[in-house]
Amino acid sequence: MANFTAETKQIKNVCLLGHGGNGKTSLVEAMLFLSKETERLGKTADGNTVSDYDAEEIKRKFSISTSVAPIFWKNKKINLVDTPGTLDFSGEVLEGLRVCGTALIVMDAKSGVDVGSELAWDKATEMGVPKAFFVNKMDDDNANFGNTIEQMRETFGQAICPVAIPIIVDRKPLGYADLITMKGYEYVKDGSLKEMPIPEASMAKILSFRDMLMEALALTGDDLMEKFFAGEEFTQDEMHEAMNKGIIDGTIAPVMVGSASTLMGITPLMDIIADSFPNPLDRKGEKDENGEEHKPDPNAPTSVFVFKTIADPFVGKMSFFKVMNGTLKKDMTLTNLESGVQEKFAHIYVVRGKKQIEVDELKCGDIGMTAKLTATNTNDTLGGDHKFDKVIFPTPYMKMAVVPKAKGDEDKISTAIARILEEDPTMRYENNAETKQMTISGLGDTHLDVIVSKLKNKYGASVELTEARVPYRETIKKSVQVEGKHKKQSGGSGQYGHVKITFSPGEAEGLTFTQSVVGGSVPKGYYPAVEKGLLEAMQKGVLAGFPVVNLAADLFDGSYHPVDSNEISFKLAAKLAYKEGLPKAGPVILEPVGSLKVRVPDNLVGDVIGDLNKRRGRVLGMNPDEHGHKYTVVEAEVPVAEMANYTISLRAISQGRGSFEFEFARYEEAPANVAQKIIEEAKKLQAEEE
């Protein structure tokens with residue numbers, strides 16, 4: 001199949017998920033090698049794998065970006081989509097899952113069910129993607145397949161269904177038993193299969209696992225159920241068909257076993273993917289933005305969904321897509337349903353890691369890439385008559401300020417950040433005029449570290465990260481009456497403005513300006529100047545220079561000079577009254593407070609509440625999570641200043657199982673001790689700036 005394309009029925013899109021370090025990238029390497037797509041077995045530690053090709057991935061020795069690697073096996077095209085196992089890059093996982101027909105969760109035979117496996121299972125379930133498992137690292141001395149299967153059934157339920165069982169003699173895995181054919185195979189160094197008899201000592205265990213498999217297969221149809229109860233054997237075709245049906249409807253999550261680094265069990269894994277994993281036509285349908293399902297149709301007008309973007313400084317924008325309907329042909333023009341722009345697919349590629357192989361067409365269900373689409377972003381649909389359901393990316397809450405290492409680099413930095421934003425929907429950028437900071441937000445400290453590294457190495461913009469300032473406010477609590485007089489005589493016409501104002505706490509957020517002047521002591525024409533003077537003065541409070549809110553000012557008296565009075569004089573008089581009055585009116589610091597929802601396993605609720613108390617949080621209530629299974633949602637209100645490192649803390653408390661949502665709610669008076677610290681820090685900052 002040198003042309004790298006395949007018919008829809010021959011395509012299998014498989015997303016590899018799981019905890020970091022469990023061997024997803026090594027598994028892709030093993031499959032590429034055994035399917036003769038590569039000539040050598042790359043290693044993550046050596047930085048020479050196909051799917052971890054980015055400079056950052058090679059340096060850090062783990063996956064950061066989702067990558068695609070197609071292989072051909074048993075006349076099927078298998079698009080392997082390798083995703084990162086680190087929580088900071090969970091947006092990449094969602095991109096991969098969005099276009100795949102099966103989630104292959106890679107586990108470690110010695111650590112069993114870990115957080116990564118649980119999160120992968122939950123995410124795939126939520127997105128309606130069928131699931132399968134590969135228990136890796138069986139060659140490790142501490143590997144325990146029996147324990148791992150028990151844990152899996154406990155955590156994920158009856159769907160867990162072993163298909164290949166290791167044959168262990170003297171604590172060493174010699175080979176595996178295929179539960180479908182009931183044949184034993186010896187592990188051969190080159191990954192090929194050599195039949196071996198199943199040792200008598202292993203037979204009882206293997207038969208008990210086979211019963212588990214047969215029962216699961218029988219549940220997929222009445223005919224098989226009858227055969228099962230009659231004690232009749234299923235044919236191999238019936239088993240593959242039942243396996244396919246069970247995987248699609250979620251009643252079976254097959255478990256394969258082996259070791260990617262030694263090629264153990266990789267051939268049978270590829271066999272089951274080719275024989276039993278769903279092709280694009282097996283699925284119920286793809287949801288559009290209204291939740292309606294559409295069956296993929298190879299004969300319908302062409303439509304593609306862009307699931308990932310890479311901004312390459314040399315190539316430009318690379319858009320990774322899945323053909324949802326019809327056939328995409330080179331030089332085709334499709335309308336982007338988001339932007340309305342017509343985009344020409346001048347070249348289409350099949351991508352294997354960083355290698356781009358140009359093709360003339362890709363059929364419905366296949367995955368490809370094109371470069372230089374002008375007005376197309378991740379989540380866009382091109383062609384067809386409906387937009388496909390978008391990936392909902394996690395919100396980044398870890399915010400840091402970006403400080404250029406070299407003066408005058410601001411423009412270079414914002415251009416580079418704009419490029420990175422094109423490819424990373426889990427990043428946010430803000431140039432905050434109030435706090436005078438450029439800030440970036442990410443999903444964790446590693447995520448931000450990678451962004452800083454990319455800015456330097458890809459775009460030559462060196463930056464440091466510092467704490468993001470909190471936008472505080474000031475207000476008053478008492479009423480005062482003050483006057484402000486501006487008088488200036490310097491040859492020729494002078495300046496004269498005189499106001500008497502009552503300052504008091506206001507109802508509205510900004511300035512509530514009223515006039516109760518009697519007898520024209522201040523002419524009406526000067527009222528706007530007084531108001532303008534106060535609005536300008538409110539930009540800086542008297543305690544720490546933060547903007548003032550909820551201020552009511554009533555102009556009740558004053559005086560004017562028929563020749564020397566003018567607008568500027570009354571504006572300055574208002575500012576003098578403000579400076580005089582606010583310190584006497586009980587000024588206070590207001591801090592932003594947000595509403596927080598934390599979703600954690602039930603047994604960790606106490607730890608979360610203890611941590612929130614340390615952050616001056618108020619717990620408002622607890623509710624069982626609507627998705628069920630042993631999770632609780634804690635609702636609280638917490639000052640924004642206490643949330644800077646919450647992403648990292650919650651991960652530590654919950655071993656990565658917890659998640660949260662946080663949004664600004666309102667401003668509240670800061671406690672005296674906190675206010676004092678805020679004032680001191682603000683004054684120190686002002687002194688540095690001066």
At their closest point, which heavy atom of L465 faces which heavy atom of M400, and how far apart are they?
CB-CE, 3.9 Å
With a 3.5 Å cut-off and no angle check, do the side chains of T125 and K131 form a donor-acceptor pair?
yes
Nearest 0.5 Å, what's the NZ-CG distance between K137 and N22?
6.0 Å
Hey, are the side chains of D271 and T267 touching, using non-hydrogen atoms and a 4.5 Å cut-off?
yes
When rounded to the nearest 0.5 angstrom, what is the spacing between CZ in R419 and CD in E422?
4.5 Å
Value rounded to 0.5 Å, distance of CE in M243 from CG in L217:
5.0 Å
Please give me the minimum heavy-atom distance between P394 and L443, naming the atom from each residue.
CG-CD1, 3.9 Å
Is a side-chain donor or acceptor of K295 paired with a backbone partner of L281 at a separation under 3.5 angstrom?
yes
Cation-pi check for F305 against R98: NZ or CZ below 6.0 Å from the six-membered ring centre and within 45 degrees of the axis, yes or no?
yes
Are N79 and D366 close enough that a side-chain donor and a side-chain acceptor fall under 3.5 Å?
yes
Reference residue F321; test side-chain contact (heavy atoms from CB on, under 4.5 Å); the match among L328, L382, L373, V99:
L328
N336 side chain to T376 side chain, donor-acceptor N/O pair below 3.5 angstrom:
yes
Contact check, side chains of E338 and T381, non-hydrogen atoms, under 4.5 Å
no
Within the 3.5 Å criterion, strictly below it, is a donor on D249 or T251 matched to an acceptor on the partner's side chain?
yes
Test item: Y429 and S414 side chains (from C-beta on) under 4.5 Å apart, heavy atoms:
yes
Could you check if a side-chain atom of V255 sits within less than 4.5 angstrom of a side-chain atom of C161, using non-hydrogen atoms only?
no
Between F133 and W121, is a side chain to side chain contact (heavy atoms under 4.5 Å, CB included) present by the stated rule, with each step listed?
CA-CA 10 Å; F133 288 89; W121 176 275; 3.5 Å; yes
State, with a plain yes or no, whether a side-chain heavy atom of V113 is found less than 4.5 Å away from one of M107.
yes
Test of ring centre spacing under 6.0 Å for F388 and H386
yes
Considering all heavy atoms of both residues, which atom of L269 and which atom of M31 are nearest to each other, and what is their separation?
CD2-CE, 4.1 Å
If we ignore hydrogens and angles and just use 3.5 Å, is the side chain of T370 paired with the main-chain N or O of F345 as donor and acceptor?
no
Which class fits the ring pair H447 and F89: parallel under 30°, tilted 30 to 60°, perpendicular over 60°?
perpendicular
Does the side chain of V81 come within less than 4.5 Å of N13's, by heavy atoms?
no
Can you see whether N377 engages K317 through a side-chain donor-acceptor pair at a distance of less than 3.5 angstrom?
yes
Evaluate the side-chain proximity of L193 to V188: yes if any heavy-atom separation is below 4.5 Å, no if none is.
no
Side chains of S63 and T25: donor-acceptor distance under 3.5 Å anywhere?
yes
To check you understand the geometry: which heavy-atom pair defines the closest contact between M427 and I420, and what is its length?
SD-CG2, 3.7 Å
Would you say I78 and L80 make side-chain contact, with heavy atoms under 4.5 Å?
yes
Checking D237 against T235: is there a side-chain donor and acceptor pair closer than 3.5 Å?
no
Between H347 and E358, does the side-chain hydrogen bond (donor to acceptor under 3.5 Å, both in side chains) criterion hold? Intermediate values first, please.
CA-CA 7 Å; H347 301 277; E358 190 163 358; 2.7 Å; yes
Between the side chains of T374 and E343, is a donor N or O closer than 3.5 angstrom to an acceptor N or O?
yes
Can you confirm whether the side chains of S65 and K308 place a donor and an acceptor under 3.5 Å from each other?
yes
Quick one: pull up CG in N299 and OG1 in T8 and give me the separation to the nearest 0.5 Å.
8.5 Å
From CA spacing to verdict: side-chain hydrogen bond (donor to acceptor under 3.5 Å, both in side chains), T148, K110
CA-CA 8 Å; T148 302; K110 58 181 189 294; over 6 Å; no
When the ring planes of Y176 and Y185 are compared, do they come out parallel, tilted or perpendicular, using 30° and 60° as the limits?
parallel
